[in-house]
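In what follows, a structure is listed as structure tokens, so that the remarks can point back to it.
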Amino acid sequence: MLTAAAAARTILTRLHEVMASRSHAQAKLNTVVQTIATSLDSEVCSVYLLREGMLELFATEGLAQEAVHVTRMAIGEGLVGTIAEQCGTLNLAEAASHPDFQYRPETGEDKFHSFAGVPIVRRERAVGVLCVQHVEPRRYEEVEIEALQTVAMVVSELIANAELVDEDEARSLAALSTDPERLTGLPLVKGLASGIAVFHQPRITIEHVVAEDTDAERQRVYSAFDRMREQIDKMASQAEFGAGGEHEEVLATYRMFAYDEGWSRRINEAIDSGLTAEAAIERVQQRTRMRMRQIDDPLLADRMHDLEDLANRLLRIVSGQLGTAASQGLRSDAILIARNLGPAELLEYDKRRLKGVILEEGSLTAHVVIVARAMGIPVLGRVRGLRGAVREGDHLLLDGDQGSATVRPAPAMVEAFEARFAKSRERQAGYAAMRDVEPFTRDGSRVTVMINAGLRDDLPLLGLTGADGIGLFRTEFQFLVSATLPARERQTRLYRDVLDSAGDRPVVFRTVDIGGDKVLPYLRHNDGEVEENPAMGWRALRVALDREGLMKSQARSLLEAAAGRTLNVMFPMVSEVWEFDAARAVFEAQLGWLRKQKKRLPDAIRYGVMLEVPALAEMLDQLAPKVSFLSIGTNDLTQFLFAADRSNPKLAERYDWLSPAILRFIKRVLAGTTGFPIDVTVCGEMGGRRLEALALIGLGIRRLSITPAAVGPIKELVRRIDVAEIGAAMNGWLAQPPPNMRAALTEWAIAHAIEID
Ligand code: PEP
Ligand code: MG
């Protein structure tokens, strides 16, 4: 029996000559259908292509020639329309018995019983249909269907070269012909967005399908496999895969596929049939996709995504198209689709063009999410099956408030969404009107509301929100967006610009907090050691104290930038008091040097620490006399208190910021600082959420540093609060925790006419 490879090879060899010939597109198509009909011993072979929204018979061998360019079907109409709509194959012994069958008398097809058709696909969309028919009622053999599918790839190349179909039209038609789908996930950054799906790792468009030299193609695939395996092994050894929150499970699956002999063998067989390396990879992938579609198993579907990832990686290597969507000129209404992203990867995108992000993974306090929040871009995370449901170019409505996204929405859905969008903009405008309003509680307590920042682009937000200052300037963001360690002059320039734009308002600079999920490719462990738990590893102040050059250069930059002003400097991840002493000593030494050089010095230096490692809370009596301020970093504090990695999507919804454990802890920290003249701020993401902020104010917190978008809503909240009332309620709940603190607080808020988010 003929193998699939041999059958396809015979046809491809013949088609290769047709493609290389100098005849025009229609003549080529005519020869293509004749060649396929002869090779498959088929009485009919026809090609339908999309034109003006309809599938038009473009060429046929066996049907009436008068029907060419006359017979037309809508997407979804008849067998041909069904194949295009579903982008699937049909193989029927008796065509007329199929419920979608439609008889077209002008074609003279009534004598043919059996029918097989496959879609002609371009950029993941059906742009036409290739079909064969026989008088004798029989189902086609698997090898024949496989050969047809391979040939459909060649026809796709032919029609692309001859521009026989309009791909944009195909895209919009495909969108129309596919039902809307609602995906749900975890709202990571609130907000609404309407835009077009762009894959962070774009799918490769295959330009050449038929190989000139099979040996050379085989060689290309061998070396691409070698490179891919190297990359996967490297990822495993660096443990920095994705945003640091990726799991070993995924990596293990990647490795399993990368080394799977069956996969590489099937690709080689496809090359044997006469395909190029790219077309062979895609061909095997198509076949796997089709098989998987018949198996309804979510676990297998997940594995299928892993294989898709890997096949795409292999395609990118083999075709040399290595960049992400960021390097390819982003469209102006993009909604980015990815499994996960690192903060540096997100920062490569132009934030004016990026309207939203949807991730298959992600968690509330992962740094990529913090960066997105700072950029004001809504993010939906934890969307299962995302990359299977969405295709490049699909219209998407992203609802970061309710945690859902609609793919290919119907016009009525778009209308309803636009109405909500307008309302939400109105609300935003209302919050913007709060800019000049001072946040006093009903009973007269002034709450300080500052912003978290880290990018030069954030600076105008201070003025726009009317915040009291920058309570956390994450200096590592400058390091994250640089390809190399930023020179001291560049650091100084940024810090000076920050101080200039803040004017009289205070700015708290946090020294670099790298490590964990903030990986700098140019700053690695000397010994190449891999960390099992980077979040609890060599990061933040630990790195800075070990790499003194880094800390010294930053200290000098900050001191010089703050000449003649007050410098507030804060150290992250302080775990023991001596670390604060050591960090401060680095600054003092630099200050001494500047003094000797007779340089202008800051008028005052205020030192502070982030309280995010629980151990430090036990040492407040020792620490408090030494510092001017404390800032509670609830993002890290929560992960350490609960021993729950903040980047691990599996734990994203497991622990609540409103748990009595965290609230009691914060209360104890406040009590531990009583009597010392120090400011205590909360600067984690928690403080930017209304219900959480209400609880914090109830605990006695009067200073919040939050994401800029939350300033309006939090100021508005503050003005509705009576400190004495919420303080009493919190005291009661902390002494005797209710079964669900969130529910209790929500009920309380509603009873006190306080809207929550
Ligand atoms: C925190 O840990 O709460 C914090 C504000 O710092 P970061 O999120 O940058 O670690
Ligand atoms: Mg932190």
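In this text the structure is predicted, and so the values were computed from the model without any measurement. Just so you know, ligand 1 is whichever comes first in the structure, and atom 1 is the first atom listed for that ligand.
Heavy-atom contacts of D513 reach the following atoms of ligand 1: 10 (O) (cutoff under 4.0 Å). The I370 neighbourhood of ligand 1 comprises atoms 8 (O), with distances under 4.0 Å to a heavy atom of that residue. Close contacts between ligand 1 and L472 involve ligand atoms 5 (C) [criterion: under 4.0 Å to a heavy atom]. For ligand 1, the atoms sitting less than 4.0 Å from at least one non-hydrogen atom of C683 are 5 (C), numbered in the order shown with element in parentheses.
A 4.5 Å side-chain heavy-atom check between L699 and L734 finds at least one atom pair inside the cut-off.
Distances from the Mg ion (ligand 2) to each N, O or S atom of E612 single out OE1 as the nearest. Atom OD2 is the N, O or S atom of D636 at the shortest distance from the Mg ion (ligand 2).
For R719, the CZ atom counts as loosely surrounded, since its 6.0 Å shell holds 12 or fewer non-hydrogen atoms of other residues, nucleotides or ligands. Within a 6.0 Å radius of CD in E588, other residues, nucleotides and ligands contribute more than 12 heavy atoms.
The protein heavy atom nearest to atom 7 (P) of ligand 1 is H367 NE2, 3.4 Å. The closest protein non-hydrogen atom to atom 6 (O) of ligand 1 is R510 NH1, 2.9 Å.
With 3.5 Å as the limit, one finds no donor-acceptor pair spanning the side chains of T566 and D603. In summary, the side chains of W657 and T634 do not present any donor paired with an acceptor at a separation below 3.5 Å, with no hydrogens or angles considered.
Taking only nitrogen or oxygen atoms, main chain and side chain alike, N635 reaches within less than 3.5 Å of ligand 1.
The one candidate from R505, R703, R446 that meets the side-chain hydrogen bond (donor to acceptor under 3.5 Å, both in side chains) condition with D468 is R446.
Nearest residue to atom 8 (O) of ligand 1 from M610, E612, R646, R539 is R646 (criterion: closest heavy atom).
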side-chain hydrogen bond (donor to acceptor under 3.5 Å, both in side chains) between R542 and S575, worked out:
CA-CA 9 Å; R542 299 166 184 183; S575 313; 3.1 Å; yes

